**Student:** 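Here it is: the structure, laid out below.
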Amino acid sequence: MMFREVFRLGFTALALLALAACTSSPRTPAPVETRGSSPKVIAQPVAPAPETVKVMPGAENAGKPGYYTVQRGDTLTRIALDHGHSWRDLASWNSLPNAHLIEVGQVLRVASPSATVESSGVVVQPLGVSAEVATAPKPVAAPTPTPSANDEGLGFAWPASGSVIGGFDEAKNKGLDIGGKAGDPVQAAADGQVVYAGAGLRGYGNLIILKHNNTFLTAYAHNQALLVKEDQKVRKGQKIAEMGKTDADRVKLHFEIRRQGKPVDPAKYLPAR
């Protein structure tokens with residue numbers, strides 16, 4: 001009897017606990033108030049702005065005869081030499097406020113505005129430069145062997161008396177290398193006008209460039225001293241520099257003749273020794 005009574009009381013207690021669990025309301029957490037904080041802002045992806053393509057000066061003339069597109073490493077002096085002109089001419093034709101500031105991709109006029117373009121695309125420069133240069137008389141002297149190349153009556157002379165220590169090679173040596181001693185005279189090979197005198201062309205050291213007409217330039221490199229200035233007119237045989245070894249491994253004169261900007265073999269234009 002006692003066991004049954006205990007069992008009945010235990011079962012009753014369990015039933016009451018189960019009933020209480022079913023009838024009680026669920027507990028909810030107390031509200032939490034957040035002070036002084038700002039809501040998070042989720043950044044939305046922004047479409048990138050379209051790139052602005054810079055239009056280089058003269059781009060409309062790219063590829064046309066008489067124009068040149070600036071490449072990495074170019075200088076105005078180098079471009080002028082390669083096209084047979086003074087850097088001042090190029091600066092003027094292209095209205096460059098600063099000849100030292102040209103940009104890769106910029107298109108420059110490298111032919112005179114008065115030049116004409118043949119149907120083949122060849123640019124023809126107008127004839128004539130200064131009267132002094134264009135009408136310089138041919139020297140009257142004992143006849144010498146006539147060079148095979150056409151020098152347009154300029155009668156090129158040797159710019160230095162030393163022996164040739166390096167011949168012309170279109171790919172490796174764009175002129176003749178003439179040996180000598182430091183201070184030996186360097187002379188103008190023909191009448192002309194100084195279009196460059198300085199050391200701004202890498203590989204040439206102290207350099208002089210003479211313009212003889214609208215076809216021919218001559219260049220004199222590695223000098224230890226320059227004796228003429230830009231725009232100065234010179235006569236054939238005039239001392240214009242002293243031989244040296246600036247930007248070179250030994251004392252020498254590097255001499256170039258350029259026909260319409262293209263290096264040609266000076267030996268074909270100079271008299272035989």
Side-chain angles (χ1 to χ4, degrees), residues 73-87 110 144-152 154-228 230 234 236-273:
D74 279 342
T75 65
L76 197 66
T77 301
R78 168 73 71 177
I79 297 170
L81 177 61
D82 288 346
H83 291 86
H85 298 292
S86 160
W87 68 267
V110 292
T144 56
T146 303
S148 59
N150 176 18
D151 64 2
E152 300 186 0
L154 291 171
F156 287 112
W158 284 86
S161 59
S163 58
V164 175
I165 59 174
F168 176 80
D169 182 318
E170 189 170 356
K172 299 178 180 178
N173 192 23
K174 301 183 184 299
L176 297 179
D177 293 332
I178 303 172
K181 302 186 303 296
D184 280 355
V186 174
Q187 301 167 330
D191 293 351
Q193 185 173 10
V194 181
V195 295
Y196 182 78
L201 200 57
R202 186 176 180 181
Y204 284 81
N206 292 328
L207 171 69
I208 291 173
I209 301 174
L210 301 182
K211 184 171 185 176
H212 303 288
N213 55 25
N214 284 327
T215 302
F216 287 99
L217 295 176
T218 53
Y220 311 75
H222 306 310
N223 304 288
Q224 74 172 12
L226 307 180
L227 307 178
V228 292
E230 290 184 9
V234 299
K236 182 168 73 172
Q238 178 179 337
K239 183 178 178 181
I240 58 174
E242 293 179 354
M243 194 179 295
K245 62 174 184 178
T246 54
D247 215 355
D249 57 354
R250 59 167 294 177
V251 174
K252 63 182 178 181
L253 170 67
H254 176 74
F255 173 67
E256 295 183 8
I257 295 179
R258 295 207 174 207
R259 190 177 193 278
Q260 294 180 339
K262 181 181 179 181
V264 294
D265 186 355
K268 295 180 179 180
Y269 293 82
L270 296 170
R273 283 177 163 175

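The analysis underlying the following values was restricted to heavy atoms, covering all of them including side chains, and did not include hydrogens, waters or symmetry mates. All figures in this text were calculated on a predicted structure; none of them were measured in a lab.
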**Student:** Rounded to the nearest 0.5 Å, what's the gap from CE on M243 to NZ on K252? Could you check?
**Tutor:** 11.0 Å

**Student:** Look up atom OH in Y196 and atom CG in L226, then write down how far apart they are to the nearest 0.5 Å.
**Tutor:** 9.0 Å

**Student:** Working to the nearest 0.5 angstrom, can you tell me the gap between L270 CG and L176 CG?
**Tutor:** 6.5 Å

**Student:** Which value, rounded to the nearest 0.5 Å, describes the distance between H254 atom NE2 and D247 atom CG?
**Tutor:** 11.5 Å

**Student:** Looking at every non-hydrogen atom in both residues, tell me the closest pair between G180 and V251 and how far apart they are.
**Tutor:** O-CG1, 3.4 Å

**Student:** For R258, what residues pass the salt bridge (charged side-chain N to carboxylate O under 4.0 Å, His left out) criterion, not counting sequence neighbours?
**Tutor:** D82, E256

**Student:** Just to verify, what does Q238 make a side chain to side chain donor-acceptor pair (under 3.5 Å) with, not counting sequence neighbours?
**Tutor:** none

**Student:** Rounded to the nearest 0.5 Å, what separation is found between the CG atom of L154 and the CG atom of N213?
**Tutor:** 5.0 Å

**Student:** Under the salt bridge (charged side-chain N to carboxylate O under 4.0 Å, His left out) test, which residues partner D74, sequence neighbours left out?
**Tutor:** none

**Student:** So, does T77 use its side chain to make a donor-acceptor pair with the main chain of L201 at under 3.5 Å?
**Tutor:** no

**Student:** Run K211 and H85 through side chain to side chain contact (heavy atoms under 4.5 Å, CB included) and show every step you take.
**Tutor:** CA-CA 7 Å; K211 184 171 185 176; H85 298 292; 3.7 Å; yes

**Student:** Among residues at least two apart in sequence or on other chains, which ones pass salt bridge (charged side-chain N to carboxylate O under 4.0 Å, His left out) with K239?
**Tutor:** E242

**Student:** Hey, mind stepping through D177 and L253 against side chain to side chain contact (heavy atoms under 4.5 Å, CB included) and telling me if it holds?
**Tutor:** CA-CA 6 Å; D177 293 332; L253 170 67; over 6 Å; no

**Student:** Could you tabulate the donor-acceptor pairs under 3.5 Å formed by side-chain atoms of residues 155-172, not counting sequence neighbours?
**Tutor:**
{"from": "W158", "atom 1": "NE1", "to": "P271", "atom 2": "O", "distance (Å)": "2.7"}
{"from": "D169", "atom 1": "OD1", "to": "A171", "atom 2": "N", "distance (Å)": "2.9"}
{"from": "D169", "atom 1": "OD1", "to": "K172", "atom 2": "N", "distance (Å)": "3.2"}

**Student:** If you measure from OG1 on T215 to CG on N150, what distance do you get to the nearest 0.5 Å?
**Tutor:** 8.5 Å

**Student:** What residues form a side chain to side chain contact (heavy atoms under 4.5 Å, CB included) with V264, not counting sequence neighbours?
**Tutor:** I257, R259, Y269

**Student:** Donor-acceptor check, side chain of N223 to backbone of A225, threshold 3.5 angstrom: yes or no?
**Tutor:** no

**Student:** Is the backbone N or O of A199 less than 3.5 Å from a side-chain atom of N206, with the two atoms forming a donor-acceptor pair by type?
**Tutor:** no

**Student:** Check for a donor-acceptor pair, side chain of H212 on one end and backbone N or O of L217 on the other, with a separation under 3.5 Å.
**Tutor:** no

**Student:** Determine, stepwise, if the pair V186 / F255 fulfils side chain to side chain contact (heavy atoms under 4.5 Å, CB included).
**Tutor:** CA-CA 10 Å; V186 174; F255 173 67; over 6 Å; no

